Visitor: 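Mind having a look at this structure? Questions to follow.
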Amino acid sequence: MKFNELNLDDSLLSAVTDAGFSEATPIQAQTIPLVLSGVDVIGQAQTGTGKTASFGLPILQEIDVQNPNIQALIISPTRELAVQTQEELQRLGKYRHSKVIAVYGGSDIRRQIKQLHAHPQVVVGTPGRLLDHIKRHTLKLEHVQKVVLDEADEMLDMGFVEDIESILENVPSEHQTLLYSATMPKPIMRIAEKFMHEPKIVKIKSKELTADKIEQYMVRSKEYEKFNTMTRLFDVQKPELALIFGRTKRRVDELTRGLKARGYNAEGIHGDLSQQKRMSVLHQFKTGKLTYLVATDVAARGLDISGVSHVYNYDIPQDPDSYVHRIGRTGRAGHSGVSVTFVSPNEMSYLRGIEQLTNVRMLPLKPPTDAEALTGQLEAAKQEIAQQATHDKLDKFAPAAQELLEEYDPLVLAQLLLKNLSKDPEAIPVKITPERPLPSRHSRGDNRSNRGHGRGGHHNYRSDRRGGNNRNSNHGASRDNSHGHANHSSQRRRRNYTVRTKD
DNA sequence: AAAAAAT
């Protein structure tokens, strides 16, 4: 179905065309006429199916732009989703000159109050901050006619039901309600009964729970091997854009540190980071400046990032729904995707739970060997060298480099490159805290060391307390390349690929 | 049990 068959204003159709769409997705084709007819609607669909426009377009159409009051309210589970929704609605409504703002925690409330004073017609927000504004009397909802509960199952999981209830007390009772949810558990149906009137249900085939465009793999890996296995996979698979999920905020921090230490272009995102940081990291990832985004489930749902080629479940999700959401970040908008889930022996039950829900059997993936991984790194290095050579107009250099690379044992050369490429070679041993705290850690009164960077990563907890100074000294060879002439003459980063056998 | 969300 084409958009122009949906009785939408020309102003909206122009914006849709600008966005590059002509064909409506199933949820849009089915939902838009219903919303326009004024009935309550339950939409069972995930982000990436065109959900936002399916409520956004009819809402924008019915907005009276002469009316300075807030006429539509959209409640989102996470701040990032609120921002994303606001941006999309603003884009779709640009020719209607409707004003859409987002209010959410972690950002300056005074600025938001100013924006609220400027008479927006649509407000997108997260529950906590919406309530905050209501209490401050800076958010007036008495003219709201449409309410959207976006990702309702997610909001339910996060315990927002009471908040939503309090927010809705401030909305006139005869409003139209639209509820979106990827899954439809009983509590969602209860909410629907409570807040909605004879809702029409639009269901997008549950068969598409996990798109078949996603190749789903699993890797059996013990906890302490996971990190190495994953980085080897990176080297072999060379993801364009990878999303890596960890179970806790702390593990996300550790993983990020570890990946950075090994020279991967990685950043983390979770709820304890400042909102500013969250936004900037997400922006970097969306614009491709960042290849590896390590995240808690804050990024599992709703976020629409195009071009995620790989999703890695470093920690398998305990909740099967979470798995569906996580891998749904890839294989979007017609692209194919790959997901890899790491499973340790005591996590097999989670795996079974997931496979039962999705009705898909994950293909076992053999962890790459060191040699395979190094070959992968080598290829990447080759490409980089070639690229740089072209860039510097030193085309002659490329064949020479090729030759060099072919001449030497890849293993030796790759190890060397590794050492040269990584920003902090000493930090290469990475230690990720095990899931459960280790039993007694021989508490001999000194807890000065091992938190954090885990440099040196002794796996053996023997009490060699004098060992403090036995760092292996093979990095004694001076890494400081301050040889009189500074090398910032060359604009780009230059590296010395000196070939020297390892002692 | 963790994460998210108001300060």
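Chain naming here is simple, since letters A, B, ... match the order of the sequence lines and numbering starts at 1 in each. Computed from a predicted model, the values in this text were never measured in an experiment.
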Visitor: Any ion pair linking A:Asp18 and A:Lys94 (charged N to carboxylate O, less than 4.0 Å)?
Guide: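 Salt bridge between A:Lys94 and A:Asp18, a charged N being under 4.0 Å from a carboxylate O: yes.
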Visitor: Quick one: how far along DNA chain B does chain A reach, first to last nucleotide 5' to 3', anything under 4.0 Å to a heavy atom?
Guide: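 The contacted stretch runs from B:dA2 to B:dT7.
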Visitor: Test: side-chain hydrogen bond (donor to acceptor under 3.5 Å, both in side chains). Region: residues 184-193 of chain A. Which pairs qualify, not counting sequence neighbours?
Guide: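 Qualifying pairs, neighbours excluded: none.
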Visitor: Under 4.0 Å between any heavy atoms, over every strand shown, what does A:Arg136 touch: base, sugar-phosphate, or nothing? Just pick one.
Guide: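 Counting heavy atoms under 4.0 Å across all strands, no contact is made by A:Arg136.
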Visitor: Without placing hydrogens or testing angles, list every side-chain donor-acceptor pair under 3.5 Å for residues 158-166 of chain A, not counting sequence neighbours.
Guide:
residue, atom, partner, partner atom, Å
A:Glu165, OE1, A:Lys194, NZ, 3.4
A:Glu165, OE2, A:Lys194, NZ, 2.9
A:Ser166, OG, A:Glu162, O, 2.8

Visitor: With a non-hydrogen cut-off below 4.0 angstrom, is A:Gly159 in contact with a base, only sugar-phosphate, or nothing?
Guide: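 Nothing, no heavy atom under 4.0 Å.
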Visitor: For the rings on A:Tyr292 and A:Tyr312, is their centre-to-centre separation under 6.0 Å?
Guide: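 No: the rings miss the under 6.0 Å criterion.
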Visitor: In this structure, is the centre-to-centre distance between the rings of A:Tyr350 and A:Tyr323 below 6.0 Å?
Guide: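 Here the rings of A:Tyr350 and A:Tyr323 have centres that are no less than 6.0 Å from each other.
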